[in-house]
Amino acid sequence: MQIHILSFEGPDAYSRAGGLATRVEGLTKALVEQRHEVHLWFVGDPDLPGHERMGDLYLHRWCQWISQYRRGGVYDGEDEKSGDYASSLPPFLLQRVLMPHVLQGGQVLVMAEEWQTVNALLHLSWLLRRARVHSRVTMLWNANNTFGFGRIDWKALTAVASITTVSRYMRHRMSARGIDAAVIPNGLPPDAYLPPHAAGTRALRSAFAGRLVMTKMARWDPDKRWIASVHLAGEMKRRGWKPLLIARGGREAHGHEVLQAARSQGLRIADRKAPPGSGVRGLIGCLKNLQRADLVNLGSHVDPDSRRALFRASDTVLANSSHEPFGLVGLEAMAVGAIATTGCSGEDYAVAGSNAIVLHTSEPEEFIAQYTRVRHDPAHARAMREQGKRTARQFAWQDVVHRNLMPWASLVNAVSSRAEPS
């Protein structure tokens with residue numbers, strides 16, 4: 001099968017802004033490993049080749065003629081790019097790639113991500129019907145978040161594509177708008193299950209000795225409950241628990257509010273940054289000598305090896321958002337045997353007291369009450385860590401593609417053709 005993925009974000013540094021790039025990268029690799037021909041159409045780095053082949057994965061960097069003077073990243077000039085993406089990409093995709101495959105008797109699956117690709121999908125559907133080959137093409141559109149929902153022509157979209165999303169929580173959010181969506185969860189790549197760097201984990205634990213370490217990695221966004229997290233650290237400090245909150249945020253302005261809230265809680269802040277490309281060793285170096293700090297504002301990128309070691313060395317990983325479409329960080333923490341603390345969005349994979357700590361409010365007492373049992377019952381803590389690892393194994397991208405995605409695509413393909421949209 002020839003598969004086309006339409007997404008603003010992609011594997012280039014220019015194209016990475018959040019979880020969508022991680023999703024697309026993991027999904028494309030899993031599809032290629034299952035011997036499909038995969039084409040990724042994304043807003044790519046303007047200085048890299050427009051079209052590049054990597055085995056059975058074809059990278060198509062679109063909107064480069066706009067990105068060359070919009071150097072702020074994939075969403076710099078978003079409206080201009082989405083308009084160009086919708087008008088110029090579908091004719092090229094159809095004539096140069098899709099049509100030759102269909103004329104040879106092949107089947108095609110088109111998967112589009114997020115609101116920026118909707119008009120491109122509608123344009124492509126119109127071209128397919130005009131060419132009388134739409135019955136050979138299955139179309140899915142996926143929502144990773146609620147961003148841009150007010151800009152979508154839902155009637156037109158549901159007429160040409162099957163709607164999917166990443167969790168039951170997101171499905172309920174879409175149901176409120178009268179949209180029925182199938183749940184196809186996100187997955188984890190193979191390296192998420194690699195054992196954490198043993199020496200690095202031991203070194204971090206040694207550096208953290210005597211502290212209750214909470215790690216949180218997310219955008220500086222109110223939905224991520226950063227303020228609640230620093231209030232939690234403040235309450236734990238007042239109770240003599242010696243907390244250490246390791247915070248890795250982004251560039252968003254809300255970060256200033258979070259750090260101010262931390263100061264108002266009496267938390268001492270240490271700004272730390274590891275040298276670029278220094279890996280686990282660099283992370284260990286920048287997290288030493290924190291006896292006088294209660295919160296570390298980590299200003300450097302945390303690579304996958306370092307991330308796994310840090311998660312495993314932490315007492316818990318806070319993924320306690322109030323609006324969390326999927327909660328990939330919590331699942332990554334589980335994969336390495338860390339204890340994840342999730343929020344009130346009700347992540348599909350989190351079972352309170354079994355494989356995670358699940359919070360329903362922002363009150364510090366809720367976490368403290370649940371963590372007290374973990375803290376004083378090592379057998380229970382070990383059982384949670386092991387159950388978390390077993391849970392994470394069920395969300396490997398290969399299994400998600402085999403178990404969820406391809407069966408749903410086959411079912412959509414089997415039903416009768418939809419009415420042509422106006």
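The basis for the numbers below is simple: all heavy atoms, side chains too, and nothing from hydrogens, waters or symmetry mates. Remember, it's a predicted structure, so these values are computed and weren't measured experimentally.
The shortest non-hydrogen separation linking Trp397 to Pro189 is CD1-N, 3.9 Å. Of all heavy-atom pairs between Ser306 and Val280, the closest is OG-N, 3.2 Å. When all heavy atoms of Asp56 and His36 are compared, the pair lying nearest together is CB-O, 3.6 Å.
The shortest distance between side-chain heavy atoms of Val401 and Glu33 does not fall below 4.5 Å. With a 4.5 Å cut-off on side-chain heavy atoms, Phe42 and Val24 do not count as touching. Arg225 places a side-chain heavy atom less than 4.5 Å from the side chain of Cys344. For the pair Glu347/Leu331, no side-chain contact is recorded, criterion being any heavy-atom separation below 4.5 Å from C-beta on. You'll find the side chain of Phe149 reaches within 4.5 Å of the side chain of Arg177, heavy atoms only. In this structure, Leu40 and Pro11 have side chains that are in contact, with non-hydrogen atoms separated by less than 4.5 Å. Val336 has its side chain out of reach of Tyr193: every pair of non-hydrogen atoms, C-beta onward, lies at least 4.5 Å apart. Counting heavy atoms from C-beta outward, Thr117 and Trp41 have side chains that stay 4.5 Å or more apart.
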* Step by step, would you call Leu124 with Met139 a side-chain contact (heavy atoms from CB on, under 4.5 Å)? -> CA-CA 10 Å; Leu124 178 61; Met139 287 189 166; 3.7 Å; yes
* CA sep, side-chain torsions, deciding dist, call: Glu386, Lys389, salt bridge (charged side-chain N to carboxylate O under 4.0 Å, His left out) -> CA-CA 5 Å; Glu386 290 303 316; Lys389 287 196 286 186; 3.3 Å; yes
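Between Phe8 and Tyr75, the ring planes lie parallel to each other; the angle is under 30°, not in the 30° to 60° tilted range. Taking the six-membered ring where tryptophan is involved, the planes of Trp65 and Trp62 are perpendicular, since the angle between them exceeds 60° and thus also 30°. Taking the six-membered ring for Trp and thresholds of 30 and 60 degrees, His51 and His60 have ring planes more than 60 degrees apart, a perpendicular arrangement.
We find the CZ-OG1 distance between Arg312 and Thr201 to be 7.5 Å, quoted to the nearest 0.5 Å. Atoms CG and CD, from Leu6 and Gln116 in turn, are 11.5 Å apart once rounded to the nearest 0.5 Å. Between the CE atom in Met174 and the OG1 atom in Thr165 there is a gap of 5.0 Å [rounded to 0.5 Å]. The line from NE2 of His323 to CZ of Arg173 is 5.5 Å long, rounded to the nearest 0.5 Å. The CG atom of Leu59 sits 4.5 Å away from atom CG of Leu57, with the distance rounded to the nearest 0.5 Å. Interatomic distance, Cys286 SG to Arg281 CZ, rounded to the nearest 0.5 Å: 14.0 Å.
A salt bridge between Asp191 and Lys29 is absent, with no side-chain N of the basic residue lying under 4.0 Å from a carboxylate O of the acidic one.
No hydrogens or angles considered: a donor-acceptor pair under 3.5 Å links the side chains of Thr164 and Asn142.
Among the candidates Lys81, Arg70, Arg71, the single residue satisfying the salt bridge (Lys or Arg N to Asp or Glu O under 4.0 Å) test with Asp76 is Arg70.
Environment of CH2 in Trp241: crowded, with over 12 heavy atoms of neighbouring residues, nucleotides or ligands closer than 6.0 Å.
Residues satisfying the salt bridge (Lys or Arg N to Asp or Glu O under 4.0 Å) criterion with Glu257, sequence neighbours excluded, are absent altogether.
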Please table the atom pairs, donor to acceptor, closer than 3.5 Å between any side-chain atom in residues 209-217 and protein atoms at least two apart or in another chain.
residue	atom	partner	partner atom	Å
Arg211	NE	Lys242	O	3.2
Arg211	NH1	Leu290	O	3.0
Arg211	NH1	Ala293	O	3.3
Arg211	NH2	Pro243	O	2.8
Arg211	NH2	Ala293	O	2.7
Thr215	OG1	Ser314	OG	2.7
Lys216	NZ	Lys224	O	2.8
Lys216	NZ	Asn320	OD1	2.8

